[in-house]
Amino acid sequence: MSKANRITRLTSAACEQIQARMLEACRKIASDHGLVIESTGWRGLEPGFSFEPAFRISIPAPDGKTLNLDKEMFALLAEQYGLEAADFEREFIAGGERFRITGIDPRRPKYPISVERIPDRRGFKFTADNVAMLLKAQVEP
């Protein structure tokens with residue numbers, strides 16, 4: 001590593017760049033074992049000083065793509081919670097902050113919808129009614 005490439009502060013762009021390089025390096029290892037890998041984002045633990053990269057390694061689906069159980073579970077259960085399968089990974093604004101839908105956990109009857117706050121990817125739980133209302137408000141003029 002040259003001094004020109006040395007990072008002294010972890011910005012969002014730097015975290016994404018490092019994670020992309022880590023993903024590429026890990027892709028060969030996963031492939032050697034017949035597995036597939038995808039990035040599931042990163043979380044900022046201490047802004048500017050550290051971050052936590054996240055990857056999903058799985059047995060490939062028949063089409064060779066990564067099997068995303070969260071997405072499959074969401075598609076299966078979304079209608080029961082007043083949402084649609086296509087709402088997975090949709091974004092909405094609540095309290096002035098942007099969130100992205102990441103899943104449904106039926107073991108949490110009061111707050112079954114899992115979301116992440118977009119800037120720092122911190123996880124939160126929402127009620128299904130609240131998410132449905134926020135998604136609907138977003139599309140209305």
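Predicted model only: the values in this text are computed from it and were never measured.
A ring-centre distance under 6.0 Å is not found for Tyr111 and Phe124. Checked against the 6.0 Å centroid criterion, the rings of Phe126 and Tyr81 do not qualify as a close aromatic pair.
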Side chain to side chain contact (heavy atoms under 4.5 Å, CB included) between Ile7 and Ile18, worked out: CA-CA 10 Å; Ile7 296 173; Ile18 291 167; 3.5 Å; yes

Criterion side chain to side chain contact (heavy atoms under 4.5 Å, CB included) on Asp129 and Met133, from CA distance to verdict: CA-CA 6 Å; Asp129 292 341; Met133 179 189 69; over 6 Å; no

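In the hydrophobic cluster analysis, where Ile, Leu, Val, Met, Phe, Trp and Tyr join through side-chain heavy atoms closer than 4.5 angstrom, Leu67 is grouped apart from Leu77. No continuous path of ILVMFWY side-chain contacts below 4.5 Å connects Ile118 to Val131, so the two sit in separate hydrophobic clusters.
Looking at every heavy atom in both residues, Gly82 comes nearest to Ala132 through O-CB, 4.0 Å. Annotation for Gly34 and Pro60: closest pair O-CD, 3.3 Å, computed over non-hydrogen atoms. For Ile104 against Met73, the heavy-atom pair with the smallest separation is O-CG, 3.8 Å.
Of the inter-residue distances, the one linking Met22 atom CE with Phe55 atom CZ reads 4.5 Å to the nearest 0.5 angstrom. In this structure, Leu69 CG and Ser58 OG are separated by 7.5 Å, a value rounded to the nearest 0.5 Å.
Shown here are the salt bridge (Lys or Arg N to Asp or Glu O under 4.0 Å) partners of Arg100, two or more places apart in sequence or in another chain: Glu91, Glu116.
Among residue pairs with one or both ends in residues 66-76, those qualifying as salt bridge (Lys or Arg N to Asp or Glu O under 4.0 Å) are Arg56-Asp70; sequence neighbours excluded. For residues 78-90, the set of pairs meeting the salt bridge (Lys or Arg N to Asp or Glu O under 4.0 Å) definition, not counting sequence neighbours, comprises Asp87-Arg90.
With a 4.5 Å cut-off on side-chain heavy atoms, Cys26 and Ile37 count as touching. Between Ile93 and Phe99 the shortest side-chain heavy-atom distance does not fall below 4.5 Å. Counting only heavy atoms from C-beta outward, the side chains of Phe92 and Ile101 approach each other to under 4.5 Å. Contact annotation: the side chain of Leu83 approaches that of Leu135 to within less than 4.5 Å [non-hydrogen atoms, C-beta and beyond].
Checked by atom type and distance alone, the side chain of Thr40 pairs as donor or acceptor with a backbone atom of Ala54 at under 3.5 Å. Proximity of a side-chain donor or acceptor of Thr102 to a complementary backbone N or O of Ser114 within less than 3.5 Å is detected.
Salt bridge Arg27/Glu24: present, at least one basic N to carboxylate O contact under 4.0 Å.
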